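Take a look at the structure below.
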Number of protein chains: 2
Amino acid sequence: MKPTILDVAKHAGVSKATVSRVINNNPKVNNEIRERVYAAIEELGYHPSAIARSLASSTSSTLGLILPDITNPYFPVLARGIEDAAHRLGYTLFISNTDNDPKIEQEYIQKMVHQQVGGIILISSILGEDKVNELQELQIPFVLCDRLIQGSPFDTVSIDNYKASYEAVTRLIEQGHTRICHLAGPSLVQSAEMRKQAYSDAMHEHGLESFVRIGSFTYEAGYQLMDSILAETKPSAVFAANDLIALGAMNAIHNRGLNVPGDIAVVGCDDILFAQMSNPTLSTISVPAYQIGVTAVELLVERMRGVKTSEARNVVVEHKFIQRESMNGEDPRT
Amino acid sequence: MKPTILDVAKHAGVSKATVSRVINNNPKVNNEIRERVYAAIEELGYHPSAIARSLASSTSSTLGLILPDITNPYFPVLARGIEDAAHRLGYTLFISNTDNDPKIEQEYIQKMVHQQVGGIILISSILGEDKVNELQELQIPFVLCDRLIQGSPFDTVSIDNYKASYEAVTRLIEQGHTRICHLAGPSLVQSAEMRKQAYSDAMHEHGLESFVRIGSFTYEAGYQLMDSILAETKPSAVFAANDLIALGAMNAIHNRGLNVPGDIAVVGCDDILFAQMSNPTLSTISVPAYQIGVTAVELLVERMRGVKTSEARNVVVEHKFIQRESMNGEDPRT
DNA sequence: ATGAAAGCGCTAACAG
DNA sequence: CTGTTAGCGCTTTCAT
């Protein structure tokens with residue numbers, strides 16, 4: 001049998017309470033005794049049971065991560081940031097995929113609550129007011145990544161999707177493009193919605209006409225959408241809601257015998273690994289996914305340690321436009 | 001406060017034990033009482049605490065996944081298979097990344113043991129005999145993915161790396177290539193080692209000379225390795241230990257003004273999403289990562305439910321060679 | 001078929 | 001500073 005705290009106590013000739021104090025770094029323990037306990041722990045190869053600890057203290061050493069789909073290349077980087085930060089702070093991480101399905105999302109949130117996680121990092125699709133209320137009743141800290149919600153009571157971390165997208169579209173316009181179309185993500189997804197809105201506004205404010213197609217955040221969707229567009233008309237530039245869509249669009253363009261960026265310029269969003277590996281390389285909005293993950297964990301852990309009082313904090317991290325081969329011309333900033 | 005089993009018991013006018021029986025689907029409970037308990041559960045919105053359950057029953061509803069790096073595009077698919085299967089069977093999943101560092105790996109295994117996971121799916125780098133013994137002493141079920149070990153006591157799931165690689169190299173040889181080089185993965189990694197071995201054997205058995213370069217499983221490594229090779233000599237084909245390396249090699253070839261497959265054919269392994277998106281598309285060995293994940297969980301859960309007796313099971317899943325544009329010529333099988 | 005009681009491994013007052 | 005005593009929420013004998 002694995003040794004318990006009682007075994008250690010006996011072995012060291014002290015009480016359970018003292019051992020407990022030692023492993024919790026309680027300062028008021030006599031040094032000599034502390035050493036004895038450490039020795040006993042060492043000799044027996046004792047490790048406290050995280051589960052018993054949680055039950056007794058109703059605290060937790062686990063965090064939950066709920067995201068749409070780890071298979072989408074943007075999320076592994078985010079997840080890695082979260083995982084690294086979580087471990088650094090002493091937490092173990094649960095993970096689950098929702099495919100942006102609100103039902104599944106709800107189910108997994110419940111599941112994690114039953115596992116008594118200390119907090120949850122949520123990359124949610126839609127967050128209506130009712131949903132927010134539900135989450136609040138759970139009485140456990142949440143941090144929202146990427147998908148924000150106006151005036152929610154939760155901490156959030158994200159880039160400024162609106163600003164980033166507005167800039168990207170403006171770049172294209174400045175380079176002389178007028179027939180720019182937008183390949184948008186699912187309208188349930190807040191970030192997709194922001195990007196679309198920014199595109200429309202930018203076009204409108206430059207007296208240009210919007211042309212939007214909506215699909216899922218996948219390569220296939222990008223390919224299909226672009227291919228069907230090319231069947232009717234030929235825009236001079238495409239702003240895609242993410243890199244996967246952009247990459248799909250780029251291939252559709254090639255397969256129609258057209259050239260990127262010669263015939264059509266393409267811009268994506270996220271800066272996934274393959275944006276710099278494609279041919280031509282993909283211009284995109286760089287999103288610091290890893291950093292978003294780290295920040296999310298830090299906010300969450302602060303909350304868990306008792307920052308219940310303070311207001312919701314909305315951290316906006318810096319994005320960066322990356323000009324690569326899929327887009328012509330000078331960087332207007334140089 | 002969240003309701004406990006005692007609240008439910010009182011509300012239903014029964015004992016805690018009876019409620020426990022109901023939620024555990026113990027058949028010997030009077031139907032009428034069972035209904036009453038269900039009603040009470042419903043009314044109070046009761047959910048059992050997974051943590052208290054584990055402590056009392058010393059069973060567990062959690063699984064651990066320990067892998068090298070979720071950021072490597074092969075692993076998200078594996079992880080998704082594992083996660084889906086785990087949830088389907090009622091388990092919640094812990095995850096952590098080791099970067100193939102044995103120290104970190106050991107640390108995370110310990111961490112999960114302290115979390116009292118019911119079993120662990122491990123994608124380990126090296127597994128010496130000593131390591132195997134260590135794991136066995138933990139007294140908890142392990143399933144090994146991708147990286148096998150001859151005669152280990154653990155269940156394993158993987159493709160036949162040797163056979164798959166031997167086939168791939170043979171394909172190249174059959175297409176007339178004689179100067180084939182191999183870009184291998186880290187020698188600590190068992191799968192990389194098998195692929196290298198198969199390459200060498202295939203070359204040798206066809207009277208050809210081996211030419212191996214070793215690097216990490218990354219795009220950058222592939223690029224660098226290939227670029228340095230081209231500085232000295234020009235092979236006619238490259239077999240890379242994974243797709244990331246292959247993609248890097250392909251770009252290095254392009255940047256030297258050479259053509260794939262015209263000047264040099266390239267073959268990878270894994271069939272990650274981007275193998276079919278690159279230009280030219282990448283020929284590769286398709287590894288059913290999702291299915292490997294699902295199978296691993298199934299084996300693990302069987303073990304957890306008590307298949308302690310049976311021998312280690314080594315499941316070999318089917319790979320498939322996928323010929324795409326990065327390789328010339330007819331499929332020899334057609 | 002149901003209840004009473006002990007206990008899983010640990011923490012947390014409360015004394016002293 | 002250290003030990004004693006209760007639990008945390010649930011499962012699990014053992015009676016009945």
Side-chain angles (χ1 to χ4, degrees), chain A residues 1-38 40-41 44-62 90 113-118 139-140 305-306, chain B residues 1-38 40-41 44-62 90 110-111 113-118 139-140:
Chain A
M1 272 318 271
K2 279 207 300 192
T4 74
I5 198 171
L6 185 57
D7 299 322
V8 176
K10 283 181 184 159
H11 198 90
V14 297
S15 74
K16 290 193 303 177
T18 299
V19 177
S20 175
R21 289 187 187 104
V22 169
I23 61 186
N24 287 298
N25 292 313
N26 186 321
K28 35 191 170 190
V29 176
N30 179 18
N31 265 325
E32 194 205 330
I33 293 196
R34 179 185 303 276
E35 290 311 321
R36 233 165 57 212
V37 171
Y38 276 138
I41 288 177
L44 299 180
Y46 166 76
H47 287 286
S49 153
I51 255 183
R53 276 178 125 163
S54 299
L55 186 58
S57 65
S58 57
T59 64
S60 172
S61 59
T62 59
V113 170
H114 305 157
Q115 293 291 347
Q116 215 157 108
V117 295
Q139 301 273 27
I140 113 169
R305 313 238 223 246
Chain B
M1 270 320 271
K2 278 206 300 191
T4 73
I5 198 172
L6 185 57
D7 300 321
V8 176
K10 283 181 185 159
H11 199 90
V14 298
S15 74
K16 291 194 301 176
T18 298
V19 177
S20 175
R21 289 189 186 100
V22 170
I23 61 186
N24 287 298
N25 292 314
N26 186 320
K28 36 190 168 191
V29 176
N30 179 17
N31 265 326
E32 194 206 330
I33 294 196
R34 180 185 301 277
E35 291 312 321
R36 231 163 61 212
V37 171
Y38 276 138
I41 289 178
L44 299 179
Y46 167 76
H47 288 286
S49 151
I51 255 184
R53 277 180 124 164
S54 297
L55 186 58
S57 64
S58 58
T59 64
S60 172
S61 58
T62 60
Q110 290 298 342
K111 227 172 169 175
V113 170
H114 304 157
Q115 293 291 346
Q116 216 158 109
V117 295
Q139 301 273 28
I140 113 170

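Within every chain, numbering begins at 1; the chains are lettered A, B, ... in the order of the sequence lines, protein sequences first and strands thereafter. It should be emphasised that the depicted structure is a prediction, and the values quoted were computed from it without experimental measurement.
Looking at heavy atoms from C-beta onward, R53(A) lies in side-chain contact with N24(A) at the 4.5 angstrom threshold. Using a 4.5 Å heavy-atom cutoff, the side chains of S15(A) and T18(A) are in contact. Within the 4.5 Å cutoff, no side-chain heavy atoms of R21(A) are placed close to those of V14(A).
Sequence order on DNA chain C of the closest nucleotides to G13(B) and A56(A) puts G13(B) first from the 5' end.
Of the residues T4(A), I23(A), I41(A), the one that meets the side chain to side chain contact (heavy atoms under 4.5 Å, CB included) test with P48(A) is I23(A).
Spacing between atom CZ of R53(A) and atom C1' of dC8(C) amounts to 16 Å, rounded to whole angstrom units. Across the protein-nucleic acid pair, K28(B) atom NZ and dG3(C) atom P stand 15 Å apart, rounded to whole Å. A straight line from CD of E35(B) to P of dT2(C) spans 12 Å, rounded to a whole angstrom. Distance CZ (R36(B)) to P (dA1(C)): 16 Å, rounded to an integer number of Å. Distance N26(B) CG to dG3(C) P: 13 Å, rounded to the nearest Å. The nearest whole Å value for the distance from the CZ atom in R21(B) to the P atom in dG3(C) is 8 Å. Taking atom CG on L55(B) and atom C1' on dC8(C), their separation rounds to 4 Å, with Å as the unit. Atom CD in Q116(A) sits about 14 Å away from atom P in dT11(C), given to the nearest Å.
Rounded to the nearest 0.5 Å, atoms CZ (R34(B)) and CZ (R36(B)) are 13.0 Å apart.
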Derivation of the side chain to side chain contact (heavy atoms under 4.5 Å, CB included) call for Q115(A) and S60(A): CA-CA 9 Å; Q115(A) 293 291 347; S60(A) 172; over 6 Å; no
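Using a 4.0 Å heavy-atom cutoff across all strands shown, I33(A) reaches sugar-phosphate atoms only and no base atom. Among the protein residues, V19(A) comes within range of no part of the nucleic acid, since none of its heavy atoms lies under 4.0 Å from any strand. No engagement by S58(B) is indicated, since no non-hydrogen atom pair under 4.0 Å with the nucleic acid exists.
Neither OP1 nor OP2 of dT2(C) sits under 4.0 Å from any side-chain N or O of T18(B).
First and last contacting nucleotides of DNA chain D toward chain A (any atom under 4.0 angstrom from a heavy atom, 5' to 3' order): dC1(D) to dG9(D).
Panel note: side chain S20(B), backbone K16(B); no donor-acceptor pair is recorded below 3.5 Å.
Residue A52(A) has its side chain nearest to dG9(C) when only dC8(C), dG9(C), dA4(C) are considered. Each of dG9(C), dT11(C), dA4(C) was ranked by its minimum atom distance to the side chain of S15(B); first place goes to dA4(C). Minimum atom distance to the side chain of K16(A) is reached by dC10(C), of the listed dA1(C), dC10(C), dA12(C).
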